[in-house]
Amino acid sequence: MNIEKKLSEKIIEAFQSLYGGTIDNVTFEKTSSDFKGDLTFVVFNYLKLSKKSPEVTANEIGTYLIQNLTEVSDFNAVKGFLNITINDFFWLNYFNSINGKAIPFDSAPPNPSTIMVEYSSPNTNKPLHLGHVRNNLLGYSVAEILKATGNHVIKTNIVNDRGIHICKSMLAWQKWGNGETPESTGMKGDHLVGKYYVVFDKQYKSQITELKSEGLSEEQAIANSPLMKEAQQMLLDWENNNADVRKLWTMMNGWVYKGFESTYKMMGVDFDKIYYESNTYLLGKNIIEEGLKKDILKRRADNSVYIDLTADGLDEKTLLRGDGTSVYITQDLGTAVQRADEDHFNKLIYTVGNEQDYHFKVLFLILKKLGYEWADGLFHLSYGMVELPEGKMKSREGTVVDADELMQEMINTAAATTKELGKATDLTNDELEKLYRTIGLGALKYFMLKIDPKKKMLFNPAESIDFNGNTAPFIQFNYVRIQALLRKAKEGSSDFADIDLVKQNVELLPKEKELIIKLYNFNTTLNQAAKEYSPALIANYVYDLAKEYSQYYHEIPILKEELKDLMLFRLQLSKTIGFTIKKSMNLLGIDVPERM
RNA sequence: GAUCCCAUAGCUCAGCUGGAUAGAGCAACGGUUUUCUAAACCGUAGGCCUUUGGUUCGAAUCCAAAUGGGAUCACCA
């Protein structure tokens, strides 16, 4: 039932029959609103075959189509643009085939791919911030989109639960914590641990200042800071399984996990498989050995191992230190191989900020050189940083927008706005709480997902996120209006109890045809979003749909339409649009309320 | 120094697989509610698509360079 495909075939046929030439698949674009028609075929590229002027060629093709394809009801040729009108029957037929339900995805791949989507990947020394919010929403949404296109998706998270940064928090807590716990302070665990990360930094800096005032250079001061030495010792103790350090580590990480859990829950994201770096950080050494045997990797005089990527326009990259210990990329090599062995993925998508573009380029190239076939399925979903007006966020200095606080603020704003507008007054308190969350978090999620992932984005905390215009609340509002219509229809008359059963052939208004075409385009958009890993395409689609509907709603009577068939058709159209809005929003991880 | 990413209305962004007169939202100004939820709708105003050159019948879109902004180039993670 793909009209573009049908048209394309007929046009190829037309060229064959009219001009005796063969052409490849042709493409169409949406006819400009200034001209009559639904789809436009541009003939300029094919004039060599027709050996006629653009206008004549377009006219001849148009005539052929109208004679040989029943779906084509009209055409006009302007210069080289052939504007094709598809008859209402086709569109209505398509619409009836959906029949008031969510649009089914029509081209699920015959062999579903297994796709791992890694996202979030937090450090356990501080709470999640705005940057993580973008990461989480993006990863979650991409996973949902890939699922919707028929893939088997495994959402994974690799938690960086070990390293010097955690030791800093641990040390500071040990020294200045006075035994504080989440229970004793009422603080969320991740925030409590984050507090001591900042304490460490403060103490460390004042120590450096002190050492410098004693006459040491900056470099010497850094090298001789007792606090940093202690932290490093703690890391060594951790690696050597020192019981006390491990106990402290387990306790504090436990606090953090509890905190993360509630943040993830509030955000509405989840994972199928969680890895911990404390389990994976030693992986990868055997791969290095293999690589050395194959002579792909080289050993330096000091015993360190590296790979020479200069021929590929990159640098030499060290993979193992002289003392035999791992570096960051060693473990990434190891986890990639482990995942390939365990999960047999076709694709592995790393949702990580664009500051690591180089790292992933190197990682993928090394794996490829080592001969892993699945390395072609690796993809770095690189997204731009979230910046504040004053520049980059620095968690050590506490200049971050905290995820928990931001979400709460959004919910508060949603509550205030709802009250101000005097809306939803008949809901219970529980329902209201849920509504505020749906609207507030919806606004936040949409705000972050509607922007092309690869672009960096500016977040100004002073200007609150909008609730009007191109926003989630606007889209949600249109969904709610539809639900209100449907409710009223059912209450008003038993004739409308089952709107789904009605199939009507009516004369379409231009706006109605436009809306059906929009619905028809859902699958194309979904496919493209999956192909490009871009939730922004879905966001733009659903906004367009809601906006068109909003105009329609204002222009055309629905429940007040006197012709019953027409009223039913319009209700059915509204219902289908409602389904599509909901489905699209869910792909973005956004809920829609029934009332607001 | 090298590499990568970005540049479209005052602001935030679409448009990028070349096509017809470059689109939204916000902000500004004016209008619409005894009638299906006004978180809405309609209208006005706002543009050298950073610049220059190239490819093409045709360039915001592709190529090259310049300018400006960001990131990266650790035996850190």
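Letters go in sequence order (proteins before strands), and every chain restarts at 1. Both backbone and side-chain heavy atoms feed into the values below; hydrogens, waters and symmetry mates do not.
Between the CE atom of A/Met410 and the C1' atom of B/A39 there is a distance of 13 Å, rounded to whole Å. Computed from coordinates, the A/Gln551 CD to B/A40 P distance equals 13 Å when rounded to whole Å. Between A/Tyr328 atom OH and B/A74 atom C1' there is a gap of 14 Å when expressed in whole angstrom units. The nearest whole Å value for the distance from the CG atom in A/Asn460 to the P atom in B/U12 is 10 Å. Following rounding to the nearest Å, A/Leu47 (CG) and B/U56 (P) show an atom-to-atom distance of 16 Å. Residue A/Phe360 contributes atom CZ, which lies 19 Å from atom P of B/A71 at whole-angstrom precision. Spacing between atom OH of A/Tyr383 and atom C1' of B/A71 amounts to 13 Å, rounded to whole angstrom units. Protein atom CG of A/Asp544 is 13 Å distant from nucleotide atom C1' of B/C13, rounded to whole Å.
Contact annotation for A/Gly322: base contact, defined as any heavy-atom pair under 4.0 Å involving a base atom. A/Glu277 comes within 4.0 angstrom of the backbone, heavy atoms only, and of no base. Among the heavy atoms of the strands lying under 4.0 Å from A/Asp302 is at least one base atom, whether or not backbone atoms are also near. Looking at heavy-atom distances under 4.0 Å, A/Phe467 makes contact with a base. Using a 4.0 Å heavy-atom criterion, one finds that A/Ile439 contacts the bases of the nucleic acid, with or without backbone contacts as well.
Nearer the 5' end of RNA chain B, as judged by each residue's closest nucleotide, is the contact made by A/Leu458, out of A/Leu458 and A/Phe477. Residues A/Ser304 and A/Gly313 both approach RNA chain B. Their nearest nucleotides, taken by heavy-atom distance, put A/Gly313 toward the 5′ side.
Partners of A/Asp312 according to the side chain to side chain contact (heavy atoms under 4.5 Å, CB included) rule, which considers only residues two or more places apart in sequence or in another chain, are A/Leu309, A/Leu365, A/Lys369. Under the side-chain hydrogen bond (donor to acceptor under 3.5 Å, both in side chains) criterion, A/Thr40 pairs with A/Thr31, A/Asn83, not counting sequence neighbours. Partners of A/Lys36 by side chain to side chain contact (heavy atoms under 4.5 Å, CB included), not counting sequence neighbours, listed by chain and number: A/Asp74, A/Asn76, A/Thr85. With sequence neighbours left out, the side-chain hydrogen bond (donor to acceptor under 3.5 Å, both in side chains) criterion links A/Glu4 to A/Tyr520. Partners of A/Tyr543 according to the ring-ring contact (aromatic ring centres under 6.0 Å, His included) rule, which considers only residues two or more places apart in sequence or in another chain, are A/Phe474. Considering only residues two or more places apart in sequence or on other chains, A/Gln356 meets the side chain to side chain contact (heavy atoms under 4.5 Å, CB included) condition with A/Tyr328, A/Val352, A/His359, A/Phe360.
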Pairs counted only when both distances fall under 3.5 Å, Watson-Crick or G-U: show me the 5' to 3' dot-bracket for RNA chain B, [ ] for pseudoknotted crossings and | for other-strand partners.
(((((((..((((.....[...)))).(((((.......))))).....(((((..]....))))))))))))....

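Comparing the C1' positions of B/U55 and B/G1 gives an interatomic distance of 32 Å, to the nearest angstrom. Between B/G58 and B/G69, the two C1' atoms lie 32 Å apart (nearest whole Å). A distance of about 15 Å separates the C1' atoms of B/C6 and B/U12, rounded to the whole Å. The gap from the C1' atom of B/G23 to that of B/U61 amounts to 15 Å, rounded to the nearest Å. Rounded to whole Å, the C1' atom of B/A59 lies 46 Å from the corresponding atom of B/U37. Straight-line distance between the P atoms of B/G15 and B/A24: roughly 15 Å, to the nearest whole Å. Look at the C1' atom in both B/G19 and B/A66: the space between them is 29 Å, to the nearest Å. As rounded to the nearest Å, B/A40 and B/G25 have C1' atoms that lie 14 Å from one another.
Looking at A/Asp161 and A/Asn253, their side chains never bring a donor and an acceptor atom within 3.5 Å of each other.
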With a 3.5 Å cut-off and sequence neighbours excluded, list the donor-acceptor pairs that the side chains of residues 418-425 of chain A form with protein atoms.
{"unit_1": "A/Thr418", "atom_1": "OG1", "unit_2": "A/Ala414", "atom_2": "O", "d": "2.6"}

Mind listing the side-chain donor-acceptor pairs of residues 41-49 of chain A below 3.5 Å, one per line with the distance, residues two or more places apart or on another chain?
none

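Side-chain N or O atoms of A/Thr413 include one that pairs as donor or acceptor with a backbone N or O of A/Glu409 at under 3.5 Å.
The cationic group of A/Arg300 lies under 6.0 Å from the six-membered ring centre of A/Tyr306 and within 45° of the ring axis, placing it in a cation-pi geometry.
Not one side-chain nitrogen or oxygen of A/Thr417 sits closer than 4.0 Å to the OP1 or OP2 atom of B/A39.
Note on A/Asp357 versus A/Lys361: no salt bridge recorded, every NZ/NE/NH1/NH2 to OD/OE distance being 4.0 Å or above.
Listed candidates were B/A39, B/C73, B/C75. Nearest to the side chain of A/Leu421 is B/A39. Taking the side chain of A/Lys423 as heavy atoms from C-beta on, and the options B/U37, B/A77, B/U72, the nearest nucleotide is B/U37. For A/Met596, whose side chain is taken as the heavy atoms from C-beta onward, the closest listed nucleotide among B/U3, B/C75, B/A39 is B/A39.
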Heavy atoms under 4.0 Å is the rule here; annotate nucleotides 14-26 of chain B 5' to 3' with B where the base is hit, S where only the sugar-phosphate is, and - elsewhere.
SS---BB---SSS

Letter per nucleotide, 5' to 3', of nucleotides 31-36 of chain B [B base touched, S only sugar-phosphate touched, - untouched; heavy atoms, 4.0 Å]
----BB

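Residue pairs meeting the salt bridge (charged side-chain N to carboxylate O under 4.0 Å, His left out) criterion with at least one partner in residues 440-460 of chain A, sequence neighbours excluded, are absent.
Looking at every heavy atom in both residues, A/Ala489 comes nearest to A/Leu571 through CB-CD1, 3.6 Å.
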